[in-house]
Amino acid sequence: MNPILEIFSQGEEIVTGHTIDTNAAWLAQQAVRQGFCVTRHTAVGDKLADLVTLLQEIAQRADCCICTGGLGPTQDDLTAEAVALAFGLPLQFDPKAFAQIEAFFRARQRDMPESNRKQALLPKGSVRLNNKRGTAPGFALRYQRCWFVFLPGVPSEMRTMFVKRVLPLLQKQFVLQPSTLISIKTYGLGESAIQQRLNALALPAAVQLGFRADLSEVETKLLFPYAYPQPELTALVAETVGLLGDAVFAVDTQDTPSGSMADVVRQLMADKGLSLSLVETASQGLLASLCVGADWLVAARYEPSLPNWAKQRGLVFDGGDIAGLARQLAGSVPTDNPADWVLVQVYEGSYQQLQDKSQAITVHSVLLADACYHQSVHTVTGNSKRKQSQAALLSLDLLRRVLQFGQYSNPTLETGEVRLSRYGLQLLANPQK
């Protein structure tokens with residue numbers, strides 16, 4: 001059985017919501033990766049009695065606890081004092097810790113305030129954890145069944161100390177059996193749709209299924225126990241990916257993160273040696289910003305009034321066929337900015353609809369690639385920021401799917417303009433005609 005670990009964050013700013021506790025999330029990921037069973041995240045303000053009570057409770061129910069915050073020089077930094085009271089371990093002056101604090105100020109040619117002397121007071125019998133990035137040393141100790149680690153709350157200091165100081169100690173204190181986490185990243189499917197597709201998956205009892213969703217992606221997580229047979233792991237991941245289809249843009253292991261969908265597109269474009277020109281409307285420059293710095297982006301244009309721009313170029317626009325306008329534009333852009341592929345995004349609806357959170361717009365994305373048009377059509381709702389973000393991601397997703405699968409699946413295209421393939425429907429219009 002994996003050892004039980006709790007994460008304890010200390011600070012009034014966390015409890016009141018003035019500071020987002022990114023430390024707990026990061027530490028939980030690291031702990032699970034090492035083979036711990038994380039059971040609780042707890043935050044407590046700057047109240048000594050509450051800190052003492054919580055420490056005593058954790059000592060009885062957890063095998064390990066990692067605490068962040070409360071190691072600073074001010075009067076509201078109470079962690080060391082709370083540990084001394086909770087466990088009956090008097091604070092003792094640590095000359096080496098004090099020398100390191102003095103050296104920190106001396107290297108910056110600053111006088112050390114007398115209040116920083118407090119940071120060199122550590123509980124009797126604790127192991128000092130040196131901090132080379134700040135003034136607060138951490139410390140570790142065992143009380144009852146629990147091995148405690150106390151780290152500063154500054155994320156950059158905490159992370160460095162965890163990797164360099166704490167991990168080696170954890171590996172000595174515990175027999176760890178790391179689990180294997182596989183994250184399948186998708187775009188275009190909500191959690192409920194994913195769950196419905198995965199109802200056909202025969203999930204072994206030892207494997208945990210979970211989800212993490214935001215506007216840019218949904219991660220389907222498969223957590224495999226230690227020493228799970230590799231052939232069975234590979235087969236289950238492949239079956240899951242197959243059920244989710246071309247919504248999958250990446251499969252991550254703990255050691256090979258892919259990044260965002262934009263990162264995946266960047267790599268695909270570079271690997272294929274392609275160049276791109278793009279024109280966007282509803283995303284208002286956000287689509288181009290997702291590709292900024294890529295040498296394959298030949299040109300990018302934000303056009304708030306595409307119909308007027310089209311008329312200036314002598315293109316036909318009757319006011320109704322938005323998708324047809326996008327196809328005309330895609331075919332004409334290369335004359336100005338030669339590129340292998342052209343991506344054009346337009347939307348149905350007024351500027352007022354784009355700004356009004358109570359009204360929807362319809363986003364058309366058209367990609368001219370390899371003498372064929374690929375098109376996607378989506379209804380987008382929400383406030384202007386959400387519409388902007390979703391428009392950019394939907395257009396980027398069209399590019400991604402064509403790069404990965406060669407074609408794009410869209411059931412809204414008119415009969416006679418498409419052909420059926422293993423990847424869905426492909427628009428066949430010739431841009432030269």
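Note that this is a predicted model, so its numbers are computed, not measured. Below, each value reflects all heavy atoms present in this structure, side chains not excepted, and no hydrogens, waters or symmetry copies.
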[X] side chain vs [Y] backbone, donor-acceptor pair below 3.5 Å:
X: Gln353; Y: Ser350; answer: yes
X: Ser389; Y: Lys385; answer: no
X: Asp214; Y: Glu217; answer: yes
X: Asn2; Y: Cys37; answer: no
X: Thr79; Y: Gly69; answer: yes

Worksheet item: Charged N to carboxylate O under 4.0 angstrom, Glu6 versus Arg40?
Response: yes
Worksheet item: Is any side-chain N of the basic residue among Glu157 and Lys132 closer than 4.0 Å to the acidic one's carboxylate O?
Response: no
Under 3.5 Å, is there a donor-acceptor pair linking the side chains of [X] and [Y]?
X: Asp50; Y: Thr53; result: no
X: Ser283; Y: Glu280; result: yes
X: His364; Y: Gln345; result: no
X: Asn130; Y: Arg128; result: yes
X: Gln230; Y: Thr234; result: yes
X: Asn116; Y: Gln119; result: yes
X: Gln404; Y: Arg400; result: yes

Between atom [atom1] of [X] and atom [atom2] of [Y], what is the distance when rounded to the nearest 0.5 Å?
X: Ile361; Y: Thr379; atom1: CD1; atom2: OG1; value: 9.0 Å
X: Asp246; Y: Thr186; atom1: CG; atom2: OG1; value: 11.0 Å
X: Leu399; Y: Ser365; atom1: CG; atom2: OG; value: 10.0 Å
X: Gln284; Y: Glu303; atom1: CD; atom2: CD; value: 12.5 Å
X: Glu191; Y: Glu219; atom1: CD; atom2: CD; value: 11.0 Å
X: Leu55; Y: Cys67; atom1: CG; atom2: SG; value: 6.5 Å

I need the single residue from [options] that forms a side-chain contact (heavy atoms from CB on, under 4.5 Å) with [X]. Which is it?
X: Ile184; options: Leu243, Asp252, Val241; answer: Val241
X: Tyr187; options: Leu394, Val248, Val218, Val264; answer: Leu394
X: Leu367; options: Val344, Val402, Leu403; answer: Val402

Fill in: Asp271 and Gln267: CA distance, side-chain angles, deciding distance, side-chain hydrogen bond (donor to acceptor under 3.5 Å, both in side chains) verdict
CA-CA 6 Å; Asp271 290 346; Gln267 192 60 52; 2.8 Å; yes
Within the 4.5 Å heavy-atom criterion, are [X] and [Y] side-chain neighbours or not?
X: Leu5; Y: Asp63; result: no
X: Ile4; Y: Arg61; result: no
X: Leu354; Y: Tyr347; result: yes
X: Ser277; Y: Trp341; result: no
X: Leu278; Y: Arg301; result: no
X: Leu170; Y: Gln173; result: no
X: Leu222; Y: Leu209; result: yes
X: Leu167; Y: Phe162; result: yes

Item to complete: Please work out which of the three classes, parallel, tilted or perpendicular, describes the rings of Phe148 and Phe150, given edges at 30° and 60°.
Response: parallel
Between [X] and [Y], which heavy-atom pair has the shortest distance, and what is it?
X: Asn131; Y: Ala136; value: ND2-O, 2.9 Å
X: Val15; Y: Gly45; value: CG2-N, 3.4 Å
X: Pro152; Y: Met158; value: O-CB, 3.3 Å
X: Pro178; Y: Tyr226; value: O-CD1, 3.3 Å
X: Ala360; Y: Thr381; value: CB-CG2, 3.8 Å
X: Cys65; Y: Ile58; value: CB-CG2, 3.7 Å

Practice prompt. Evaluate the side-chain contact (heavy atoms from CB on, under 4.5 Å) criterion for residues Leu181 and Arg33: first the C-alpha distance (whole Å), next the side-chain angles of each, then the deciding distance (0.1 Å), finally the verdict.
Written response: CA-CA 8 Å; Leu181 178 64; Arg33 181 175 181 176; over 6 Å; no
Can you establish whether the number of heavy atoms outside [X] located under 6.0 Å from its atom [atom1] is more than 12?
X: Phe211; atom1: CZ; result: yes
X: Gln208; atom1: CD; result: no
X: Asp111; atom1: CG; result: no
X: Gln171; atom1: CD; result: yes

Item to complete: Could you check Leu276 against Val342 for side-chain contact (heavy atoms from CB on, under 4.5 Å), going step by step and ending with a plain yes or no?
Response: CA-CA 6 Å; Leu276 179 76; Val342 179; 5.7 Å; no
Discussion item. Test side-chain contact (heavy atoms from CB on, under 4.5 Å) on Phe224 and Ile182; report intermediate values, then the result.
Written reply: CA-CA 8 Å; Phe224 296 86; Ile182 305 294; 3.9 Å; yes
Worksheet item: Looking at Phe104, is Arg106 sitting on its ring face, NZ or CZ under 6.0 Å from the six-membered ring centre and within 45 degrees of the normal?
Response: no
Worksheet, complete the sentence: Per side-chain hydrogen bond (donor to acceptor under 3.5 Å, both in side chains), Gln10 is matched among Asp46, Thr42, Thr68, Asp77 by Asp46
Worksheet entry | Steps toward side-chain contact (heavy atoms from CB on, under 4.5 Å) verdict (Phe36, Leu176) | CA-CA 7 Å; Phe36 285 96; Leu176 298 174; 3.7 Å; yes
